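All remarks here apply to the structure that follows.
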Amino acid sequence: MFRTALRTLRSHRLRFAMPALAVVLGVAFVTGSLLYGDSVQAAVNRAHSNSQPDASVSITADSSAADSSEAHPLDDALLRRLRALPSAAAARGVVEGPSFLVGSDGTLVGDLYQAAGVNYVPDESGKDVRYPLTAGHGPRGANEIAVDRRTAERAGYRVGAKVRIVVGGTARDARLVGVFTAHDSRVDSGGTLTAFDTGTAQRHFAPTPNGYSAITLTAADGTSDAQLAQQAQKLLPSGLRAVTRADLESDTASEEDTDKLTTLLLSFAGVALFVSTFLVANTLTMLSAARAREHALLRAVGATRNHVMRMVLAEAALVGTAASAIGYGLGIGAANLMGSLFDASGVGGATVQALSAKPLLAAFAVGIGVTVLAAYVPARRAAAVPPVAALRTVQPSTAASLRRRNTIGLIVTACGALLVAAAVGEPNLLFGAAPLLLVGLIVLTPLLALGVTGLLRSPLTRLAGIRGKLAVENARRNPRRTAATATTLMVGLAMVTAVTVAVTSVNRFDEQEVDSSMTSDLRITAVDFGEIGEDTAARVGRLADAEAATPVIHTYLDVPHKTFLEVTAVDPAAVERAASLSVREGSLDRLGHGIAVTEELAAAHGWRLGSRVSGTFTGASARTPGTPTSLPVVAIYDGPDDLTPALVSDRALPRPAGAEDRPTISSVLVKAAPGRTAALREEIRRTLDNPALLVQDHADARAAATARTAPFLNIMYAMLSVTVLIGALGVVNTMGMAVFERVREIGLLRAIGLDRADVGSVLRLESVTISLFGSALGVVAGTAIGAAAVLGQEVVPLVIPWDRAALFFVASAAIGVLASLWPGRQAARLPMLEAIGADTE
């Protein structure tokens, strides 16, 4: 049986090439996802294990304590008590926080999410075991820093260079005095480490004055980590706990994020494999029809149905095995490619292990499983060919079976459409509704193919004459085959369209938000994971072309017996001019000693001018106790959403006790002198000299709002492109198989007057018809799914990206033309007389 299967593969190797390639792509996707996920997790675990070589025990907050909200400072007093433990060889106060380094080209270096500032703790020899130096010395003053070796190389800095850093939202110059190595997950993930002396780090990052972010202990010789943790716990107040290194690593080196990444990648790989099954099944179905005489002759000489079925499944298993082996090799390359791409985005530091048991087993299980599963129905059909059919080449489908399929398809599609409609009110339903709708359309596609091609018969005949009519009739000849080919394109384009509709709608919402909230001439915001310095608004307000500048700080006022009231703190002297507010009653001149509320809020609480609003300002962190206050209503106003429903003076907020308690300035609004907006923007950039701050006018803000979704959309397109590519292979495969099946037909067409170009044109029109049909189904289904997702969000407007939809149709037509080139060339090369006398097999 296997010898027969091998002979079949050799004789029909070109016909098996396309389905094998589809399985190769799917297996490579699966393998690459698993290998990359494993490599990332290994890199994270390794980085966590090596990042604190001197930490045997760490002092952390105890979330299980009865009063876990109570804050217990990690200060010098506690550090001294812990250092005095006989079982502790050393104790270290750790201070960490966000810190950015500006490169020699004036841009921020590395992944901003992973950019950190740390304190350098030298021993008696002046070295820090956690950050061993490779050049220079450790920082010794407020204007000295050291950076990790990778960062120094990327930034183009050497010891002694004058560098610019951004800490606490303010940029300043410092001297680079040292370069060190660091086995730290943040560096491995594309981030940066900037080391300060402990005093400077405490001023920048300490949660309390002269406090620490954490305290770590080093066990003395002969003392286990567990013993040290037990002894340290006795010295700790409630709310703090001593955690051993092993327990800390098990907590921090969690596989959750890596599992999410791997699951996301595998979901796209699953879609690609799902589409591959249609290509494999379609190919084997066409081969079974073409080899009907061969199977009948096998039955005539004694082969049983089971023998024929096993032979077809064996062919599929051999194809799957070969495709799995090749796919695994490509998967290794795909994993390395993902590593390099994600490294540029700050998720790198991973070395791919080429031979890994789980990905290897998964590759062969998936590759062989998909091909054998896809071959099951064609194998049953091949086994059903009776011996008396030795003179017949095709086993036609019965009308009854197609009617049953149409009935099932109509029911499933209707259920899917109803669920998609219901998902507008219940978005979670979409996860089940979208697959059900696509499955229904897949089952119903033969009926839709007959209907659509019937409508196209007359227009194509008028446009292309007999060639157009032949192309349509060829597509209608076997609606199952046309449906299977179109389905491979439909699934991928449906997902691409759904994502495009959702992202386009979100972009429109972001633009509307900018239009409604950006009432100032200029707005200063921080880059992702950055912050705005406390003195930024004051510095901008002193510029010659600036008429007014106010910080915008969002906080809450806990009003007794009511609720948490959203409050925006601003500069009372500048907000009315900077933000163009409309005051209905009262005046903002007295905002320094009161509160302004919107008309809607005043009506809801029964407040009038002079009413007192009493409550407690919530601090920026749990360490800051609430500050009671009672403020009179001094104005009733209307304004943009960003400045509603209430305004207070920024001086009314609690004063920060430490770095964690600094109020977060979300933006700075700036009013420019008439005609000086562009000049002021450049002046602000020069004055602040801070690449972590963005100075935007209205156009800049709109562009920045929509730019946030561009990386996500590009990643989705990249992932789904594999599925679309498999769909294109399906069209190529169908047209290639059509040439093999229609050798005599092509010869007869040549004999009655069609030249080689005409034969190629017929195939090209047929290919374009099938491609556009699959594209239309995908675009319609994807638009419905994307619209349901958008309409489920109350505030997001539905936007149909007609330009992208048109581009998808143009791309589908191009796929159809390209898919017909090779089959058309093969058909044109057939000698006419030999083709007329050829057997159809």
Side-chain angles (χ1 to χ4, degrees), residues 168-170 513-526 530-557 565-584 586-598 601 617 620 629 631 633-656 662-674 676-677 679-681 683-685 687-688 690 692-698 700-701:
T170 301
E513 284 284 288
V514 170
D515 292 340
S516 63
S517 63
M518 181 102 179
T519 57
S520 58
D521 294 330
L522 296 172
R523 183 176 67 182
I524 302 173
T525 58
E531 54 186 313
I532 300 175
E534 294 179 355
D535 63 341
T536 302
R539 294 174 63 188
V540 171
R542 290 193 291 267
L543 297 177
D545 291 326
E547 290 192 351
T550 177
V552 176
I553 304 170
H554 296 292
T555 186
Y556 293 92
L557 185 65
L565 175 64
E566 295 182 44
V567 175
T568 303
V570 294
D571 183 350
V575 64
E576 188 171 5
R577 288 177 296 160
S580 302
L581 299 179
S582 177
V583 179
R584 303 299 183 186
S587 172
L588 292 177
D589 294 339
R590 299 182 59 245
L591 185 60
H593 304 284
I595 184 172
V597 297
T598 61
L601 183 64
F617 281 112
T629 188
L631 300 171
V633 175
V634 297
I636 297 177
Y637 73 102
D638 286 333
D641 292 342
D642 199 42
L643 296 175
T644 57
L647 296 176
V648 297
S649 170
D650 55 350
R651 298 176 183 84
L653 298 182
R655 306 320 302 164
R662 285 197 296 259
T664 300
I665 302 174
S666 62
S667 63
V668 173
L669 305 181
V670 184
K671 173 69 174 177
R676 301 295 296 171
T677 300
L680 178 60
R681 179 175 55 184
E683 190 176 359
I684 292 173
R685 290 172 176 171
T687 301
L688 299 180
N690 186 349
L693 296 181
L694 306 176
V695 185
Q696 302 169 329
D697 59 15
H698 189 270
D700 295 332

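Because the structure is a prediction, the values reported are computed rather than measured.
- Looking at residues two or more places apart in sequence or on another chain, you find a side-chain contact (heavy atoms from CB on, under 4.5 Å) between D589 and S587.
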Go through it in stages, so that I can follow the logic: the residues are I524 and V540, the test is side chain to side chain contact (heavy atoms under 4.5 Å, CB included), and I'd like the CA-CA distance, side-chain angles, deciding distance and then a yes or no.
CA-CA 10 Å; I524 302 173; V540 171; 3.7 Å; yes
Test T568 against V575 for side chain to side chain contact (heavy atoms under 4.5 Å, CB included), laying out the working first.
CA-CA 11 Å; T568 303; V575 64; over 6 Å; no
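- Under the 4.5 Å side-chain criterion, counting only non-hydrogen atoms from C-beta, I532 is in contact with V668.
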What pairs of donor and acceptor atoms, side-chain ones from residues 577-584 against any protein atom, are under 3.5 angstrom apart with sequence neighbours left out?
from: R577; atom 1: NH1; to: E547; atom 2: O; distance (Å): 3.0
from: R577; atom 1: NH2; to: A573; atom 2: O; distance (Å): 3.3
from: R584; atom 1: NE; to: D638; atom 2: OD2; distance (Å): 2.8
from: R584; atom 1: NH2; to: D638; atom 2: OD2; distance (Å): 2.7

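- Looking at every heavy atom in both residues, L653 comes nearest to A569 through CD1-CB, 3.6 Å.
- A549 and D571 get closest at one heavy-atom pair: O-OD2, 4.0 Å.
- Among residues two or more places apart in sequence or in another chain, the side-chain contact (heavy atoms from CB on, under 4.5 Å) test is passed with A692 by F100, L108, V166, V527, N690.
- Partners of D650 by side-chain hydrogen bond (donor to acceptor under 3.5 Å, both in side chains), not counting sequence neighbours: none found.
- When the side-chain hydrogen bond (donor to acceptor under 3.5 Å, both in side chains) test is applied to D642, the partners found at least two apart in sequence or on another chain are H554.
- The side-chain heavy atoms of V552 and L643, taken from C-beta on, include a pair separated by under 4.5 Å.
- Here R676 pairs with D545, A673, A679 under the side-chain contact (heavy atoms from CB on, under 4.5 Å) rule; sequence neighbours left out.
- Atom NE2 of H698 and atom CG of D521 lie 11.5 Å apart (nearest 0.5 Å).
- Nearest heavy-atom pair across Y637 and A646 is OH-N, 3.5 Å.
- Separating the CG atom in L557 from the CD atom in E566 is a distance of 12.0 Å, to the nearest 0.5 Å.
- With rounding to the nearest 0.5 angstrom, the CG atom of L647 is 10.5 Å from the CD atom of E576.
- Here the shortest heavy-atom pairing between L543 and L680 reads CD1-CD1, 4.1 Å.
- Atom CG of residue L694 and atom CZ of residue R685 lie 8.5 Å apart, to the nearest 0.5 angstrom.
- Considering L669, L588, T550 as possible partners of V570, the one that fulfils the side-chain contact (heavy atoms from CB on, under 4.5 Å) test is T550.
- With a 4.5 Å cut-off on side-chain heavy atoms, T687 and I684 do not count as touching.
- In plain terms, the two heavy atoms of E683 and A544 that are nearest each other are OE2-N, 4.0 Å.
- The minimum heavy-atom distance linking S667 with R523 is given by the pair CB-CG, 4.0 Å.
- We find the OG1-CD1 distance between T664 and I553 to be 8.5 Å, quoted to the nearest 0.5 Å.
- Rounded to the nearest 0.5 Å, atoms CZ (R681) and CD (Q696) are 9.5 Å apart.
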